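Take a look at the structure set out below.
Remember, predicted model here, so these are calculated numbers, not experimental data. Starting from 1, each residue takes its place in the sequence as its number.
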Amino acid sequence: MIKNIIHNILIVADDFDSDAIIQANKNYKFLKASNKSQIIERLKNNNISLVIFDIDLYGFDFVDILDTLKEKEFLEKSLVLVLSNIENVQLLKDVLEKGATTFVKTPFINAELTLKIELLIKKLVDKHLILKQQKDIENNLNKLQEFIDSSINAMYIFENNICIECNYEGSVLLGFKRKKEIINKHIFDIFNTVSQEHQELLLSNTVEHNFQTTVTSKDNQTYHIQIKERNILFDTEKLKIISAMDITDIKRNEKIIAQKSKLASMGEMIGNIAHQWRQPLTAISIAASGIKLMHEFGIENQNETMESLDNIVKNTKYLSTTIEDFQNFIRNDRESSTFFIKDVIQSALMIIDANLKLENVQIFKNYTEDLEITTIQNDLVQILLNIINNAIDALKEKQKADKLIFINVYTEKSVVYISLLDSAGGISEKIIDKIFEPYFTTKHQAQGTGLGLYMTHQIISKLDGKIEVSNKSFIHDTKQYHGAKFTISLPLV
């Protein structure tokens, strides 16, 4: 029983010794009703957990009363316990069919009735908590759907290479008016001009890649598109998420280049959401299944049930927090604001937290907790994400045993410096001066666009800042490392 919560119980019965039951459990408060109107009034004005009917009482039409309670939706939040000597079996059957939860044969032993009441109250509490958590989960899933639908680039989700979901932009790109015209199409009915090489990569459930191709719309218009493809395991389903953006004019317009850099990362962002959500969703599923299984077999344990429900609550809150972090990142806020640098760094790390854990990358932070800066917050988040993601890719590609990234923040005069140093081995001196050029990438064509660091340089320049890169050797925990160091400098105000 949940302590410190008083449960109201409505009694419609004669010769009912409520004092004896209260002595056994002080969490109950009993109210009485002697006619139908009083029953309705008590249920309307009090939070009644349980109604106890003695259906052998003369002058009551309990079938009619239950019909009224059901019609007014009182049975959604209250359970009904029936008392009967079972001489009128048909009446007992009728009230049970009309919504009564269970019955106790009269005359009864107080201890037996007390136990029955405790079990029913526990069942009601569990029911309400489960319904609340289900609603919270549905709300968070709706937030994820809204996030996909609100994306300004085309998004497609495939299962077994068949499209099961897309957003409005995904249908517009292909010349359709409604997304349902795309659902159930094969991946190559949508991306119909993909090369043989990229077809093989798209069909793979393990390879993730980023490439440019063309697509022909329903009205025979040809568009150049940038595709970011990600494979994820969502609960037990293997899904392929593809983000596609029209880049037909991208090489002639720097503004579109900036959009491409932002949007080409959206597929990876969705993948990060999936990674972030996989563990809590699995925990919720296991907890809910366990509660259901114990209930079906009649072996419910109150402590285990409450522990499982607490676990569901904790994981639901985590889902809500992560989706809010991702929504804050994609919000197109171009206004300068004053904020703590530590909060922006934490937001960037939260977005890629699942990827950091997946690759076993250790982050070491060294900065003043209360250091503030005035600039465009989302631009700084994107800058940090570009650099940290590049470091993660380098550590992964070079298969370093110790995957380390150091973030250091300090000030000199009116300038704040943010340095990011990794242990990936550094950048070749032959190309280090070219890495901020557009379309220059050290990654395989399937993994990079060559725009991440270029856009980082462009964004920092627009913020009146600078970015420099160098190779640095250093010692950490008595071990020697070598890596790339990016240093960002921005005015404090």
Side-chain angles (χ1 to χ4, degrees), residues 1-2 5-22 24-25 27-132 134 291-292 294-300 302 305:
M1 179 65 58
I2 297 179
I5 296 179
I6 302 299
H7 291 279
N8 294 323
I9 299 176
L10 179 60
I11 303 298
V12 186
D14 291 335
D15 300 326
F16 189 90
D17 187 5
S18 59
D19 291 338
I21 296 177
I22 290 176
N25 192 316
N27 291 326
Y28 302 146
K29 177 182 177 182
F30 288 91
L31 297 85
K32 291 189 176 182
S34 57
N35 55 55
K36 181 177 179 181
S37 61
Q38 282 188 1
I39 294 171
I40 301 300
E41 186 270 334
R42 298 286 191 274
L43 285 166
K44 183 177 180 181
N45 297 322
N46 300 276
N47 186 18
I48 303 295
S49 298
L50 179 65
V51 182
I52 299 179
F53 284 145
D54 182 352
I55 63 172
D56 299 329
L57 283 178
Y58 177 76
F60 280 87
D61 185 347
F62 285 105
V63 174
D64 174 65
I65 291 174
L66 284 169
D67 279 336
T68 303
L69 298 188
K70 189 172 184 180
E71 178 183 345
K72 294 182 178 295
E73 298 183 351
F74 290 124
L75 298 185
E76 294 294 324
K77 58 181 181 180
S78 304
L79 298 182
V80 176
L81 172 61
V82 171
L83 305 178
S84 176
N85 58 20
I86 320 183
E87 289 183 0
N88 190 339
V89 176
Q90 184 59 47
L91 176 59
L92 178 61
K93 179 180 178 182
D94 289 343
V95 295
L96 289 172
E97 289 179 349
K98 290 294 182 179
T101 310
T102 186
F103 73 94
V104 170
K105 187 178 183 301
T106 58
F108 54 80
I109 301 172
N110 278 339
E112 175 190 2
L113 184 61
T114 301
L115 178 60
K116 196 77 169 183
I117 291 173
E118 288 181 355
L119 291 174
L120 287 172
I121 295 294
K122 178 182 178 299
K123 179 178 180 180
L124 182 70
V125 171
D126 290 349
K127 173 186 175 182
H128 287 173
L129 286 174
I130 292 172
L131 288 175
K132 182 181 182 301
Q134 287 176 341
I291 293 172
K292 181 179 179 182
M294 287 191 295
H295 177 72
E296 289 177 348
F297 284 89
I299 57 172
E300 288 184 65
Q302 180 178 343
T305 298

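In this structure, CG in Leu96 is found 9.5 Å from OG in Ser84, a value given to the nearest 0.5 Å. Distance check: Arg42 CZ to Asn8 CG gives 11.5 Å after rounding to the nearest 0.5 Å. Interatomic distance, CG of Leu10 versus CZ of Phe53, reported as 7.0 Å (0.5 Å rounding). From Ser78, atom OG reaches atom CG of Leu120 across 12.0 Å, with rounding to the nearest 0.5 Å. Atom NE2 of residue His7 and atom CD of residue Glu118 lie 10.5 Å apart, to the nearest 0.5 angstrom. Here Leu124 contributes atom CG and Leu79 contributes atom CG; the two are 4.5 Å apart, rounded to the nearest 0.5 Å.
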- Message: Is there a side chain to side chain contact (heavy atoms under 4.5 Å, CB included) between Ile48 and Leu31? Walk through the geometry before answering.
- Response: CA-CA 9 Å; Ile48 303 295; Leu31 297 85; 4.3 Å; yes
- Pair Leu69-Ile40, side chain to side chain contact (heavy atoms under 4.5 Å, CB included): steps then yes or no: CA-CA 8 Å; Leu69 298 188; Ile40 301 300; 3.7 Å; yes
- Take Leu83 and Leu113, measure what side chain to side chain contact (heavy atoms under 4.5 Å, CB included) needs, and give me the verdict at the end. CA-CA 10 Å; Leu83 305 178; Leu113 184 61; 4.2 Å; yes
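The minimum heavy-atom distance linking Ala100 with Val82 is given by the pair CB-CG2, 3.6 Å. The heavy-atom pair separating Asp54 from Ala13 by the smallest distance is CB-CB, 3.6 Å. The two atoms that bring Gln38 and Lys32 nearest to each other are OE1-O, 4.4 Å, heavy atoms only.
Under the 3.5 Å distance criterion, the side-chain polar atoms of Asn35 are matched with a main-chain donor or acceptor of Ser37. With hydrogens and angles ignored, the 3.5 Å screen pairs a side-chain donor or acceptor of Asp56 with a backbone N or O of Asn85.
Among residues two or more places apart in sequence or in another chain, the side-chain contact (heavy atoms from CB on, under 4.5 Å) test is passed with Lys44 by Phe74. With sequence neighbours excluded, no residue forms a side chain to side chain donor-acceptor pair (under 3.5 Å) with Thr101.
Counting non-hydrogen atoms of neighbouring residues, nucleotides and ligands closer than 6.0 angstrom, the NZ atom of Lys127 exceeds 12 such neighbours.
Within the 4.5 Å cutoff, the side chain of Ile52 has no heavy atoms near those of the Val12 side chain. For the pair Tyr28 and Ile6, the minimum side-chain heavy-atom distance is 4.5 Å or more. Proximity of Leu81 to Val104: side-chain heavy atoms (C-beta onward) are separated by under 4.5 Å at one or more points. Side-chain contact between Leu92 and Ile86 is present, with at least one heavy-atom pair separated by less than 4.5 Å.
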Listing, residues 60-67 side-chain donor-acceptor contacts under 3.5 Å, not counting sequence neighbours, or none:
{"residue": "Asp61", "atom": "OD1", "partner": "Val63", "partner atom": "N", "Å": "3.4"}
{"residue": "Asp61", "atom": "OD1", "partner": "Asp64", "partner atom": "N", "Å": "3.2"}
{"residue": "Asp64", "atom": "OD2", "partner": "Lys36", "partner atom": "NZ", "Å": "2.7"}
{"residue": "Asp67", "atom": "OD1", "partner": "Lys98", "partner atom": "NZ", "Å": "3.4"}

